[in-house]
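Structure first, then comments.
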2 protein chains.
Amino acid sequence: MSEARERDRAATKTRLLQAVEAVIAEDGFGAIGVNAIARRAGADKVLIYRYFGGLAGLLSAYAEDGDFWWQVDDMLAEPLPGPHEADGLSRCLAAIFARHAAFLRAHPVTLEVIAWEIAERNELTEALESVREGRSQEMMRRLAARFDLEVAEFLASVGPMFALLGAAANYLAARERRLKIFNGIDLQSDAGWRTLEQSAARMIAGVAGGALSTHSTD
Amino acid sequence: MSEARERDRAATKTRLLQAVEAVIAEDGFGAIGVNAIARRAGADKVLIYRYFGGLAGLLSAYAEDGDFWWQVDDMLAEPLPGPHEADGLSRCLAAIFARHAAFLRAHPVTLEVIAWEIAERNELTEALESVREGRSQEMMRRLAARFDLEVAEFLASVGPMFALLGAAANYLAARERRLKIFNGIDLQSDAGWRTLEQSAARMIAGVAGGALSTHSTD
DNA sequence: GCTATACGTCACCATACGGTGACATGTCAA
DNA sequence: TTGACATGTCACCGTATGGTGACGTATAGC
């Protein structure tokens with residue numbers, strides 16, 4: 001006779017939050033819903049309404065304590081090519097692209113959320129979007145400082161490039177879940193991704209070798 | 001009293017196929033289903049099963065006569081920088097990227113399907129994937145011929161670059177539906193896209209100015 | 001004219017969803 | 001001890017979905 005579960009609000013809330021993660025990880029964002037989450041948590045769905053005000057509130061809460069996105073420190077962690085090395089800037093940018101791609105491929109829940117963002121806007125996807133936008137901007141500012149370049153100018157040239165390469169990585173990593181070949185590249189193999197990283201590195205070098213590395217006005 | 005609709009199988013099939021398009025265009029791929037389509041077509045849903053064997057068959061049929069993707073001829077239409085102009089190859093590749101992006105932004109149903117591909121695999125998305133893969137490969141082969149470059153070598157260097165830039169365009173165009181800013185770029189403005197195209201052009205030029213334009217071994 | 005078939009309509013099923021009201025029971029304060 | 005509140009359980013509602021069987025009725029072939 002259903003064994004009267006322990007009366008512990010905090011623990012139940014935690015179970016619900018963990019259930020969000022579990023459902024996303026195992027069945028994808030399409031499976032998210034009060035019924036599925038409550039079932040997974042072994043709790044009654046009415047508690048989602050009582051404790052979080054509904055599914056939206058639960059997703060918001062999940063978004064707040066989850067870390068779906070890389071930390072700036074991790075992306076800029078040493079060893080990383082610096083301003084005093086040959087082609088330091090372009091090699092540094094290429095390394096960051098590779099780290100970005102590696103992060104995505106290692107975080108399936110993040111990939112699910114990225115896929116979700118494209119299909120729909122909700123509390124979770126909005127939260128991730130704003131976190132990511134903030135981290136990206138901060139990372140670029142710190143990169144500009146690292147290479148002693150003027151921020152506005154750096155943003156103007158590197159920003160669009162990172163937008164393109166970041167978008168490409170997001171797309172390809174999300175598609176890797178279900179698609180093997182994209183434009184002749186094997187997305188589901190490390191070799192395919194190495195090819196992409198090398199190509200990105202060459203494109204970056206072409207730009208950084210030009211306008212960027214000149215230290216411009218100074 | 002429900003006015004006994006004309007008995008015309010072919011016309012009904014057409015109405016159902018058009019309803020697929022209408023539902024995708026107006027409510028997105030998430031709204032696709034036998035009920036929604038039948039409702040939109042003004043037909044009974046049982047006819048979807050009778051005439052197409054189910055939703056999957058209907059989507060397959062829709063995929064066959066729909067043209068979701070650009071034609072190679074359109075992407076290579078003149079005027080397009082050629083082998084006898086300065087920086088012909090890199091300007092040509094940049095122009096193709098711009099055309100690709102413009103196509104996407106002008107075809108909302110294609111964007112819906114692209115978004116759909118990321119979330120799910122079905123008859124429709126598989127059909128588009130194979131069409132696109134074929135067209136991309138053919139376009140690259142024809143580009144190699146246009147610039148008198150060896151195909152294998154051309155594919156090895158341009159393929160990954162197009163994979164990255166194409167993926168970026170797909171992602172950003174799909175996100176433009178619901179997201180305004182990505183990495184500081186305004187996706188919902190033509191100015192934002194011009195910025196992206198210029199950045200892509202610079203990255204392409206950096207690569208094409210190196211290994212590519214040397215005509216390599218000949 | 002008669003009959004078989006094709007076409008379309010309708011009613012219905014089981015299932016799942018989001019959401020709510022009522023109730024039992026444990027805990028803590030007066 | 002009594003009463004208020006918090007926690008959890010359960011039954012239920014309306015709605016929507018995918019899917020099927022039964023029923024008309026117009027058309028075509030004999």
Can you check the [X] [atom1] to [N] [atom2] distance for me, whole Å?
| X | N | atom1 | atom2 | result |
| --- | --- | --- | --- | --- |
| B:L47 | D:dG21 | CG | C1' | 14 Å |
| A:R9 | D:dG8 | CZ | P | 9 Å |
| A:R40 | C:dC17 | CZ | P | 13 Å |
| B:R15 | C:dC7 | CZ | C1' | 12 Å |
| B:R50 | C:dG8 | CZ | P | 8 Å |
| A:F52 | C:dG18 | CZ | P | 16 Å |
| B:I37 | D:dA16 | CD1 | P | 17 Å |
| B:R7 | D:dC23 | CZ | C1' | 12 Å |

Please determine if a side-chain N or O atom of [X] lies less than 4.0 Å away from the OP1 or OP2 oxygen of [N].
| X | N | result |
| --- | --- | --- |
| B:N35 | D:dG18 | yes |
| A:Y51 | D:dG8 | yes |
| A:T12 | D:dT7 | no |

Closest listed nucleotide, where the reference is the side chain of B:Y49 and the choices are C:dC17, C:dT20, D:dT20: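 It is D:dT20.
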
Residues B:E197 and B:W193: side-chain donor-acceptor under 3.5 angstrom: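 Side chains of B:E197 and B:W193: no pair found under 3.5 Å.
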
A:D74 side chain near A:R99 side chain, heavy-atom distance below 4.5 Å: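 Counting from C-beta outward, A:D74 and A:R99 never come under 4.5 Å.
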
Position toward the 5' end of DNA chain C (nearest nucleotide), A:I32 or B:D44: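 On the 5' side of the pair lies B:D44.
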
Side-chain ion pair, A:E112 and A:R177, N-O less than 4.0 Å: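 So A:E112 pairs with A:R177 through a salt bridge.
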
Aromatic plane relationship, B:F68 with B:Y62 - under 30° parallel, 30 to 60° tilted, over 60° perpendicular: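 Judged by the thresholds at 30° and 60°, the geometry between B:Y62 and B:F68 is perpendicular.
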
